[in-house]
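Report on the structure given below.
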Amino acid sequence: MEIKGWLYNKRSSGAIAFLELRDGTGFVQGVAVKDSVSAEVWKNAESLTQESSLSVKGSVSKHPKKAGVYELQISDIKVVQIAQDYPITKKEHGPDFLLDNRHLWLRSKKQWAIQRVRDVVIQAIYNYFHNTGFIKIDTPIITPNACEGATTLFGIEYFDEGEVFLSQSGQLYLEAAIMSVGRGFDFGPTFRAEKSKTKRHLTEFWMMDAEAAFVEHSESMDIQEAMVKFIVKTCLEKCQEELVILERNPAPLQKLLDLPFTRLTYTEAIDKLHSLGSDIKFGEDLGNDDEGLLTQDSAVPVFIHKWPKSIKPFYMKQDPENPDLVLNDDLIGIEGAGEMIGGSQREDDYEILKAKIEAEGLKGSEYQWYLDLRKYGSVPHSGFGLGLERTVGWICGVQHIRETIPFPRLINRIRP
Ligand code: 4AD
Ligand code: MG
């Protein structure tokens with residue numbers, strides 16, 4: 001067989017060269033024996049540097065010691081290009097160096113594995129929704145309004161319009177679309193001028209928003225739970241090799257598939273936090289430490305639902321049992337994953353929603369179309385947004401979500 005690819009690593013004894021090859025789909029060890037190949041092929045083997053591009057011919061054989069591992073007994077090597085001194089070597093490199101060389105770092109085995117998992121997560125999300133009656137709806141990136149509060153908007157100059165913004169979430173547009181198609185999801189880049197420099201924040205990240213007509217608060221959580229389980233199950237089936245490369249113990253992922261996710265109201269969560277020694281006050285947002293405390297002994301992600309209205313966006317539906325609360329949920333992942341999903345039932349009452357838009361000081365004229373949805377056949381409806389990078393980071397077991405996106409954008413990083 002023939003492999004076209006790159007040299008990942010090389011060891012040579014002088015009589016045998018072990019060439020670790022990668023072709024994009026995976027890694028394989030090639031073995032070139034000096035006495036069994038032509039002088040030219042041996043010379044080529046010797047000339048190869050890390051990341052040189054090449055094509056190799058040989059026959060596949062079982063690894064003499066490792067079960068289930070195959071090698072390539074090399075008969076021919078054609079050099080495409082001899083790489084110059086490659087900056088990323090086997091020695092440890094600091095994160096800044098690696099991020100500066102992200103265009104090359106992507107070729108490293110773990111980074112390769114992460115991008116493969118990311119692709120499987122994306123595929124699983126599409127499959128989950130297509131299997132359950134949602135259709136893909138593309139929402140705009142350039143928008144004149146805010147979805148998630150004005151403080152994290154990225155502004156851009158737009159011809160005669162002046163300042164408009166990069167989308168924080170496609171949700172509002174998706175709400176319009178599902179009044180046509182019933183159930184829809186979008187999937188695309190979203191932008192937040194987040195001042196947060198944490199392991200869980202990017203300024204450009206990918207979000208999947210889903211929205212469904214006639215679905216209320218509790219059913220929406222059922223959908224979120226089923227989706228997360230489907231994603232995890234798909235990754236366990238399709239990413240075994242990648243999870244081994246990432247040294248990710250699959251047991252916690254496997255375990256949650258058969259268990260119901262915990263659902264705590266915000267009020268219950270605050271009580272629980274107090275019993276665990278936190279001094280958080282009712283009405284405050286949960287910090288990283290609080291999320292950690294709430295999930296530390298949990299085998300399953302935890303929904304925190306029905307939050308105080310005062311700390312949540314304008315579009316969330318008021319709880320009919322308590323007008324100070326909204327019918328929303330945040331899904332907090334296990335193993336330090338943090339908030340993976342934010343969702344809610346949407347306010348479907350015209351007057352209440354109009355008053356909320358005004359109270360938040362949002363520019364009313366930009367939300368007229370959104371209010372229209374409450375004028376013409378308003379229905380109860382709910383939706384949620386899943387952060388792709390946080391999901392992939394959790395499944396891969398990586399520390400910082402900047403590794404889960406090919407070219408991360410952070411407050412202090414926009415290159416390469
Ligand atoms: O909770 P958020 O802000 O919810 C919304 O934007 C809703 N409009 C979604 C909806 O209901 N359709 O964001 C949703 C998810 C978060 O739970 C988190 O996983 C991720 O998006 N996220 C981020 N991921 C990386 N970097 C950031 N700066 C993020 N901000 C949110
Ligand atoms: Mg949120």
Side-chain angles (χ1 to χ4, degrees), residues 118 121 125 129 134 137 139 143 145-154 165-178 183-212 215 217 220-221 223-224 227-228 231 266 285-288 290-291 301-305 307-308 311-317 326-333 336-347 370 381-395 398 400-405 408-411 413:
R118 182 180 169 109
V121 171
I125 291 171
F129 283 110
F134 287 74
I137 291 284
T139 52
T143 64
N145 52 46
C147 182
E148 296 297 316
T151 55
T152 63
L153 285 170
F154 273 113
F165 310 101
L166 296 177
S167 176
Q168 298 168 309
S169 159
Q171 176 198 326
L172 306 186
Y173 294 94
L174 207 49
E175 284 185 58
I178 61 141
R183 293 175 159 216
F185 70 103
D186 69 11
F187 206 145
T190 44
F191 305 86
R192 306 268 170 107
E194 297 260 14
K195 296 283 176 342
S196 336
K197 262 192 186 174
T198 78
K199 294 176 180 172
R200 314 257 160 264
H201 287 91
L202 300 169
T203 53
E204 175 178 312
F205 62 99
W206 282 63
M207 198 197 301
M208 185 289 308
D209 296 285
E211 198 73 29
V215 165
H217 174 58
S220 173
M221 289 192 282
I223 295 173
Q224 294 165 49
M227 176 195 69
V228 170
I231 295 171
Y266 173 87
D285 202 353
L286 301 187
N288 209 24
D290 303 308
E291 291 177 353
V302 177
F303 285 106
I304 314 290
H305 68 123
W307 289 57
I311 52 169
K312 286 293 175 186
F314 70 96
Y315 53 72
M316 293 182 174
K317 185 175 173 64
V326 281
L327 297 179
N328 78 314
D329 65 87
D330 280 359
L331 182 66
I332 315 299
E339 182 203 316
M340 291 165 52
I341 296 181
S344 75
Q345 187 164 340
R346 317 306 190 188
E347 187 52 72
Y370 185 67
H381 63 287
S382 304
F384 56 91
L386 171 86
L388 177 63
E389 288 75 18
R390 291 189 190 177
T391 308
V392 173
W394 166 54
I395 290 174
V398 303
H400 197 305
I401 64 167
R402 65 191 173 199
E403 283 188 48
T404 65
I405 187 162
R409 268 73 183 102
L410 306 156
I411 307 183
R413 179 168 292 279

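Just follow the structure's listing: the first ligand is 1, and inside any ligand the first atom is 1.
Distance from atom 2 (P) of ligand 1 to its nearest protein heavy atom, with residue and atom name: Arg192 NH2, 3.9 Å. Scanning all protein heavy atoms for the shortest distance to atom 28 (N) of ligand 1 gives Leu202 O, 2.9 Å. For atom 19 (O) of ligand 1, the closest non-hydrogen atom on the protein side is Met340 O, 2.9 Å. For atom 5 (C) of ligand 1, the nearest non-hydrogen atom of the protein is Glu148 OE2, 3.3 Å. What sits closest to atom 11 (O) of ligand 1 on the protein, heavy atoms only, is Arg346 NH2, 2.9 Å. In terms of protein heavy atoms, atom 31 (C) of ligand 1 is closest to Phe205 CZ, 3.5 Å. The protein non-hydrogen atom at the shortest distance from atom 14 (C) of ligand 1 is Gly385 O, 3.5 Å. Of the protein's non-hydrogen atoms, the one nearest atom 12 (N) of ligand 1 is Asp209 OD1, 2.7 Å.
Considering backbone and side-chain N/O of Phe384, one or more are found under 3.5 Å from N/O of ligand 1. Taking distance alone, with nitrogen or oxygen atoms compared against 3.5 Å, Gln171 approaches ligand 1 more closely than that limit.
The shortest non-hydrogen separation linking Ile401 to His201 is CD1-N, 3.9 Å. Contact record, Ser382 with Arg346: C-NE, 4.2 Å, taken as the closest heavy-atom pair. Minimum heavy-atom separation, Lys195 to Ile411: O-CD1, 3.2 Å. Nearest heavy atoms, Glu148 versus Thr152: O-OG1, 4.3 Å.
Among Glu211, Met207, Glu339, the residue whose heavy atom sits closest to atom 17 (O) of ligand 1 is Glu339.
Within the structure, the closest approach of Glu389 to ligand 1 does not fall below 4.0 Å when heavy atoms are considered. Residue contacts with ligand 1 leave out Glu204, since none of its heavy atoms falls under 4.0 Å from the ligand. Within the 4.0 Å heavy-atom shell around ligand 1 one does not find Asp330. Residue-ligand proximity: Arg200 is placed with a non-hydrogen atom under 4.0 Å from ligand 1.
At least one side-chain heavy atom of Trp307 sits under 4.5 Å from a side-chain heavy atom of Leu286. For the pair Asn288 and Thr198, the minimum side-chain heavy-atom distance is 4.5 Å or more.
Residue-ligand proximity, Glu194 to ligand 1, at heavy-atom distances under 4.0 Å covers atoms 28 (N), 30 (N). Counting atoms of ligand 1 from 1 in the listed order, those under 4.0 Å from a heavy atom of Ile401 are 25 (C). Ligand-side atoms of ligand 1 in range of Ser169: 6 (O), 7 (C), 8 (N), 9 (C), range being under 4.0 angstrom from any heavy atom. Set against the non-hydrogen atoms of Tyr315, the atoms of ligand 1 under 4.0 Å away are 7 (C), 8 (N). Interface atoms of ligand 1 facing Gly387, defined by a heavy-atom separation under 4.0 Å, are 15 (C), 19 (O), 20 (C), 21 (O). The contact set between ligand 1 and Gly342, taken as ligand atoms under 4.0 Å from a residue heavy atom, comprises 1 (O), 9 (C), 10 (C), 11 (O), 17 (O). Short contacts between ligand 1 and Ile341, defined as distances under 4.0 Å to a heavy atom of the residue, involve ligand atoms 17 (O).
Put simply, the side chain of Arg390 never gets that close to the backbone of Gly338: no donor and acceptor are under 3.5 Å apart. Checking side-chain atoms of Arg183 against main-chain N and O of Ala210 turns up no donor-acceptor pair under 3.5 Å. Ser169 places a side-chain N or O within donor-acceptor distance of the main-chain N or O of Gln171, the cut-off being under 3.5 Å. With hydrogens and angles disregarded, a donor-acceptor distance shorter than 3.5 Å links the side chain of Thr203 to the backbone of Arg409.
Summary: OE2 is the N/O/S atom of Glu339 found nearest to the Mg ion (ligand 2).
Between Phe191 and Phe154, the angle of the ring planes goes over 60°, which puts this pair in the perpendicular group of the 30/60° scheme. Between Phe314 and Tyr370, the angle of the ring planes goes over 60°, which puts this pair in the perpendicular group of the 30/60° scheme.
At a heavy-atom distance under 4.0 Å, no atom of Trp206 approaches ligand 1.
Counted within 6.0 Å of NZ on Lys312, heavy atoms from surrounding residues, nucleotides or ligands total more than 12; the atom is thus considered enclosed.
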Practice item. Go through the steps for Arg200 and Glu389 under the test salt bridge (charged side-chain N to carboxylate O under 4.0 Å, His left out), then give the verdict. Key: CA-CA 8 Å; Arg200 314 257 160 264; Glu389 288 75 18; over 6 Å; no
